[in-house]
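In what follows, a structure is listed as structure tokens, so that the remarks can point back to it.
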Protein chains: 2
Amino acid sequence: MHNLPDLSIRQLEYLIAVAEENTWADASDAVGVTPSALSQGLAELERRVGVPLFDRVGRRRMLHPNAEILLDHARQVISLTSDLAKWSDRMRNADEGTIRIGMIDIAAVNYFQGVLKDFRNDHPSLNFHLKVSPSRPLVEALQGGQLDLIVCIEPEEKIKGIEIEPLLTETLSIYKPGGGPLGPPSEWGPWVLFPESSNTRKIISAALKERGSSVNVVADSPQPEVLKEMVNLGIGWTVLPNVQAEAGPRPLIPSSILGTRNLIVASRKNAAQSPAIISLLEALKEQLD
Amino acid sequence: MHNLPDLSIRQLEYLIAVAEENTWADASDAVGVTPSALSQGLAELERRVGVPLFDRVGRRRMLHPNAEILLDHARQVISLTSDLAKWSDRMRNADEGTIRIGMIDIAAVNYFQGVLKDFRNDHPSLNFHLKVSPSRPLVEALQGGQLDLIVCIEPEEKIKGIEIEPLLTETLSIYKPGGGPLGPPSEWGPWVLFPESSNTRKIISAALKERGSSVNVVADSPQPEVLKEMVNLGIGWTVLPNVQAEAGPRPLIPSSILGTRNLIVASRKNAAQSPAIISLLEALKEQLD
DNA sequence: CATAATAGTTTAGTTTTTCTTAACAATAAA
DNA sequence: TTTATTGTTAAGAAAAACTAAACTATTATG
């Protein structure tokens, strides 16, 4: 490619200013520099273009006909740059661009419902995507680049290329049909729990075993509402985050705390975060105060 | 107006290079700088735009989706600048633009005929204007900005705002019907000369008076061909530049040298001279060697 | 006409930007 | 593990861009 002259945005602005203002002094005022800077800048512009641009008429300077072409160029470049500046402003205000986030149900429905709603209201022209699903698919989508930020259960081990940050700790309680005291762990159950693939299921199984309960599972579902319903129907006992179990139209009554699980936010390590993502992340953390 | 980010042509070239080349090292090769310069330049670009542009994937860096918009901008600006560079190249080679020159007849027809022809051949796409007329109107057109360069008779006094440079000195000779020796000055004439308004006429009148001849003018014309014809018809004597009098189909025979006049080139003082003008001026001078 | 005012330039010196070289960190390959 | 590759950071040199102030040339004014 040709070796292009490095005409700076500044120099082009100078040119437009002298074309629009009456005197170079006015022009230098208009662009906010000293007359000296303007004079030197335009001399440099003329040198770089390599074509005479200005005539001297008395002590005034006038645009040479040659300058018309360059002036036209300047206006085009400035216009493009101005559009770009507007775009980057909107990007910085998270009013433009795409935000693709993932959340597990409890985060989207219970903890951050309000944050999500407010965020969408505050940034109506932002291209917004929310995927609600269990932690594992979320992590995979994050790794695959389909999502930029997820809120999920803390994974058992570190995942390569993924950066996590703790968000909150939830209490998991035991719920039995009708509520009331539990009795000895050996007599607990049977259980209605999250599926085996679930991270929370692993936490629950481990905790139950540690307490001395067998983990006799008669039904499973990834949906907490389904588990609740089964407890209400007397099919079995369950373990759920308190927030989920005790909310909604037919809440369960907790019998005892079994343990905790941690919610985290995760993003690809070293991935550049758009302002929109940063903004949402801040809102998530703020919600917890 | 908004305060625009000063994105340099160089930085935009860097961005295009990393978009087109496989690695940043290749890109830095392509634009002819060290990897360090490329890295720092792009970091500065990112900082000025204020929006993340690059992701890190392993040890490679990839364009962030955000960068697409900026890339598009870069390509447009580079394309515009490239067009401009081509234009300025053509301007410098005097293959573009407008050249408006004036010449007195003897310059256009006798002295610089070949120069003008060659110049037009060498610069076919140049917008070329030649005005042939007596010196005075040429000077006025130069002052008024309708011409950029003129070749004319040296004016008696300096003209404000006009810069002159001597070109050549012509011999003016006396021509009488039939030729032959002149006899005593008191018996010279009657005369057929340029009009009184003419600069050359003033030179001739003064020289004749100094020799002791009366200046009895029976006919005048600004056209040397007309004066020649009148001498040939025996209407009177004349004084002409040798070149004009002795060229053409019906040349006159010189009787004696009367004096000289100077041809000059003139241009507006301090006016920026286009490359085309400079180029023609050089050709004019070269012709005289 | 001399004097003052105005328009723009030049000079000198400072700050900012951009570049290079060299050392460095991180990842991928052997 | 060692080695090569890819890109970044640090330090310093070079270039560019700016300001203040002195300067030149032109125009206006008493």
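Note: hydrogens, waters and symmetry copies are ignored here, and every other heavy atom, side chains too, is used. All figures in this text were calculated on a predicted structure; none of them were measured in a lab. Chain naming here is simple, since letters A, B, ... match the order of the sequence lines and numbering starts at 1 in each.
Taking 3.5 Å as the limit, the base of C:dT17 and the side chain of B:Ser8 contain no donor-acceptor pair of atoms between them. With hydrogens and angles ignored, no donor-acceptor pair under 3.5 angstrom links the side chain of A:Thr23 to the base of C:dT6.
Counting any heavy atom pair closer than 4.0 Å across all strands shown, A:Ala25 reaches sugar-phosphate atoms only and no base atom.
Following rounding to the nearest Å, A:Gln11 (CD) and D:dA16 (C1') show an atom-to-atom distance of 10 Å. C:dT16 atom P lies 13 Å from atom CD of B:Glu44, rounded to whole Å. The distance between atom CE of A:Met62 and atom P of D:dT26, rounded to the nearest whole Å, is 16 Å. Here the P atom of nucleotide C:dT18 and the CG atom of B:Leu12 are 12 Å apart, to the nearest Å. Protein atom CG of A:Leu53 is 16 Å distant from nucleotide atom P of C:dG8, rounded to whole Å. Atom pair B:Leu42:CG and D:dG7:C1' shows a separation of 12 Å (rounding to whole Å applied). Atom pair A:Arg47:CZ and C:dT10:P shows a separation of 14 Å (rounding to whole Å applied). To the nearest angstrom, P of D:dT9 lies 10 Å from CH2 of B:Trp24.
Comparing A:Lys269 and B:Gly32 along DNA chain C, the residue whose closest nucleotide (by nearest heavy atom) sits nearer the 5' end is B:Gly32. Remark on DNA chain C: of its neighbouring residues B:Pro35 and A:Leu38, the 5'-side contact belongs to A:Leu38, judged by nearest-heavy-atom nucleotide.
The phosphate of C:dT17 has neither OP1 nor OP2 within less than 4.0 Å of any side-chain N or O from B:Arg10. Listed pair B:Thr34 / C:dT20 meets the phosphate criterion, a side-chain N or O lying under 4.0 Å from OP1 or OP2. For B:Gln40, no side-chain nitrogen or oxygen approaches OP1 or OP2 of D:dG7 to under 4.0 Å. Using a 4.0 Å cut-off, some side-chain N or O of B:Tyr14 falls inside it from OP1 or OP2 of C:dC19. At D:dT8, one or more side-chain N or O atoms of B:Ser39 fall inside 4.0 Å of OP1 or OP2 (strictly under the cut-off). Between C:dT27 and B:Arg61, no contact under 4.0 Å exists linking OP1 or OP2 to a side-chain N or O.
B:Phe128 and B:Phe119 have tilted rings, their planes meeting at an angle from 30° to 60° on a 0 to 90° scale.
Closest contact between the side chain of A:Arg48 and the listed nucleotides D:dT19, D:dA17, C:dT21 involves D:dA17.
The shortest distance between side-chain heavy atoms of A:Ile104 and A:Tyr111 does not fall below 4.5 Å.
When atom types are taken as modelled, the side chain of B:Arg261 and the backbone of B:Ile153 share no donor-acceptor pair closer than 3.5 angstrom.
Put simply, NZ on A:Lys86 and OG1 on A:Thr81 are 11.0 Å apart, with the number rounded to the nearest 0.5 Å. Here the CZ-CG distance, from A:Phe112 to A:Leu263, works out to 6.5 Å after rounding to the nearest 0.5 Å.
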